[in-house]
Amino acid sequence: MVPKCGCGRLAEYQIYEDEQPHCEQCMKDAIECSEFVMVRKPIDWSDYKCSS
């Protein structure tokens with residue numbers, strides 16, 4: 001299962017140290033607003049655990 005970004009689109013990336021799911025556009029917005037943002041592009045989302 002691929003999680004959704006906060007904007008509602010399917011997530012393609014995990015960003016920040018707590019690996020929040022983000023779509024490509026929201027990931028780009030996040031990296032423009034910060035000096036350092038860790039970005040990960042998962043090949044397989046099967047190990048993703050929703051933290052809600």
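Heavy-atom minimum distance, Leu10 versus Val2: CD2-O, 4.0 Å.
Pairs engaging residues 6-16 under the side-chain hydrogen bond (donor to acceptor under 3.5 Å, both in side chains) rule: Gln14-Arg40 [sequence neighbours left out].
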Give the table of side-chain donor-acceptor pairs shorter than 3.5 Å for residues 25-38, with sequence neighbours excluded, one pair per line with atom names and distance.
{"residue": "Gln25", "atom": "NE2", "partner": "Asp29", "partner atom": "OD1", "Å": "3.1"}
{"residue": "Lys28", "atom": "NZ", "partner": "Glu24", "partner atom": "OE2", "Å": "3.2"}

